[in-house]
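Right, one structure below, let's go through it.
All values below come from the heavy atoms of this structure, side chains included, with hydrogens, waters and symmetry mates left out.
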Amino acid sequence: MSVHELQLPAGYRGRPAAAGDVGAIHRLVAACEAELYGRAETDPGGIAADLARPGLEPASDTVLVHDANGCLAARAWVNRRSEVDVHPEHRGRGLGAALLDWAGDRALRAGGERIVQTVPDEDTAAVGLLHSRGYEPMVTAWLLAFAMPQEPDVPEPPAGITVRSFRPGDGPALHELTEDAFDEWQERRKPYEEWARHTVERPSFAPAMSMLALADGRPVGAVLALDLPDTGEGYVERVAVHRDHRNRGIARLLLRHTFRAFHREGRPACTLWTHSSTGALDLYLRVGMTVRRSSTVFSKHLKADPPA
């Protein structure tokens, strides 16, 4: 169904999202996070990057739902995976179900074979809604935190490894490094422009806290960090080590450097997300991180109706 065919409760209207809506969408998502976690954790740069995903057509792949007063009540987008958010003040009125059904229909019409959505485990209503629509758990994701009541210690680097922070011009080499490392479990390689929007070109990117491990002058490991303004904490967006340099303690070394850099800027903790497909949970636990909460990535196989 198109945005105009979307069946919404009385008093609500839908339209596609546009670049100028990033601020309003950020406020909506922040309100949802504050309701669930007690604080906002998203940033406008991440939302802008999602709306600019390659292949996403805002006119057909996004929906904003406004109430009779013109306030943004809910939003959704779909592009291989989907996100649906309903403002806490507008829940229980069928908006989430309508948008979830729209996302599945849109993905099917676009030729997708399945649709994926991540939902916090604490949001039992959303989990129940996904189950009711035939979604099944696929992987578990964890938000891990490293508390820093005092400055973290940093181990010595392995032989032949030097560490420094990000510099202008590092982007293309780090794109190749991280995409090579993530090829083992991600569905597709991101082109540089898409990758950069989520990392080194994001307004919240923290170059001084983003650490590189170099061997013979080339990067063999990287931690790319964000300084998210609404959380007061550091955030690790990417951790990657070249396969030829794994099991040498490089990831732990870089994480500790990043933690220390954030501590020196007055951040009391640093967080990151990982999921069960990466097999990295034990690494982060050994570094000293603890699980703060979990989410589940749900998947639904899409089937077209048989011809009459």
Looking at Arg293 and Glu33, does any basic side-chain N land under 4.0 Å from a carboxylate oxygen? no
Side-chain contact, heavy-atom cut-off 4.5 Å: Glu122 with Tyr37? yes
Before accepting this row, confirm whether a basic side-chain N of the pair Arg91/Glu89 lies closer than 4.0 Å to the acidic partner's carboxylate O. no
Would you call Arg106 and Asp101 a salt bridge, taking side-chain N to carboxylate O under 4.0 Å as the test? no
Any heavy-atom pair between the side chains of Trp195 and Arg238 that's under 4.5 Å? yes
Going by atom types only, do Thr231 and Glu41 share a side-chain donor-acceptor pair under 3.5 Å? no
Going by heavy atoms in the side chains, are Leu174 and Pro219 under 4.5 Å from each other? yes
Would you say Asp61's side chain and Pro58's backbone share a donor-acceptor pair under 3.5 angstrom? no
Are Val239 and Tyr284 packed together at the side-chain level, in the sense that at least one heavy-atom pair is separated by less than 4.5 angstrom? yes
Can you confirm whether Leu64 sits close enough to Asp21 that some side-chain heavy atom of one is under 4.5 Å from a side-chain heavy atom of the other? yes
Min side-chain heavy-atom separation Asp170-Arg164 under 4.5 Å: yes
Going through the distances and angles, do Tyr235 and Phe262 end up as a ring-ring contact (aromatic ring centres under 6.0 Å, His included)? CA-CA 9 Å; Tyr235 180 75; Phe262 273 121; 9.4 Å; no
Which label fits His90 and His87: parallel for a plane angle under 30°, tilted from 30 to 60°, or perpendicular past 60°? perpendicular
Does either side chain, that of Arg260 or that of His263, offer a donor lying less than 3.5 Å from an acceptor on the other one? no
When the side chains of residues 134-159 are checked against the rest of the protein, which donor-acceptor pairs come out under 3.5 Å, sequence neighbours left out?
residue: Glu151; atom: OE1; partner: Arg264; partner atom: NE; Å: 3.1
residue: Glu151; atom: OE2; partner: Arg264; partner atom: NH2; Å: 3.1
residue: Asp153; atom: OD1; partner: Arg256; partner atom: NH1; Å: 2.9

Ion pair Arg93/Asp67, N-O distance below 4.0 Å: no
Tell me whether Glu233 is salt-bridged to Arg39, with the criterion being a basic N under 4.0 Å from an acidic carboxylate O. yes
I need the Leu72 CG to Asn69 CG distance, nearest 0.5 Å. 13.0 Å
Hey, are Asp43 and Arg202 close enough for a salt bridge, meaning a charged N less than 4.0 Å from a carboxylate O? yes
Check whether any side-chain heavy atom of Val63 sits under 4.5 Å from a side-chain heavy atom of Leu99, and report yes or no. yes
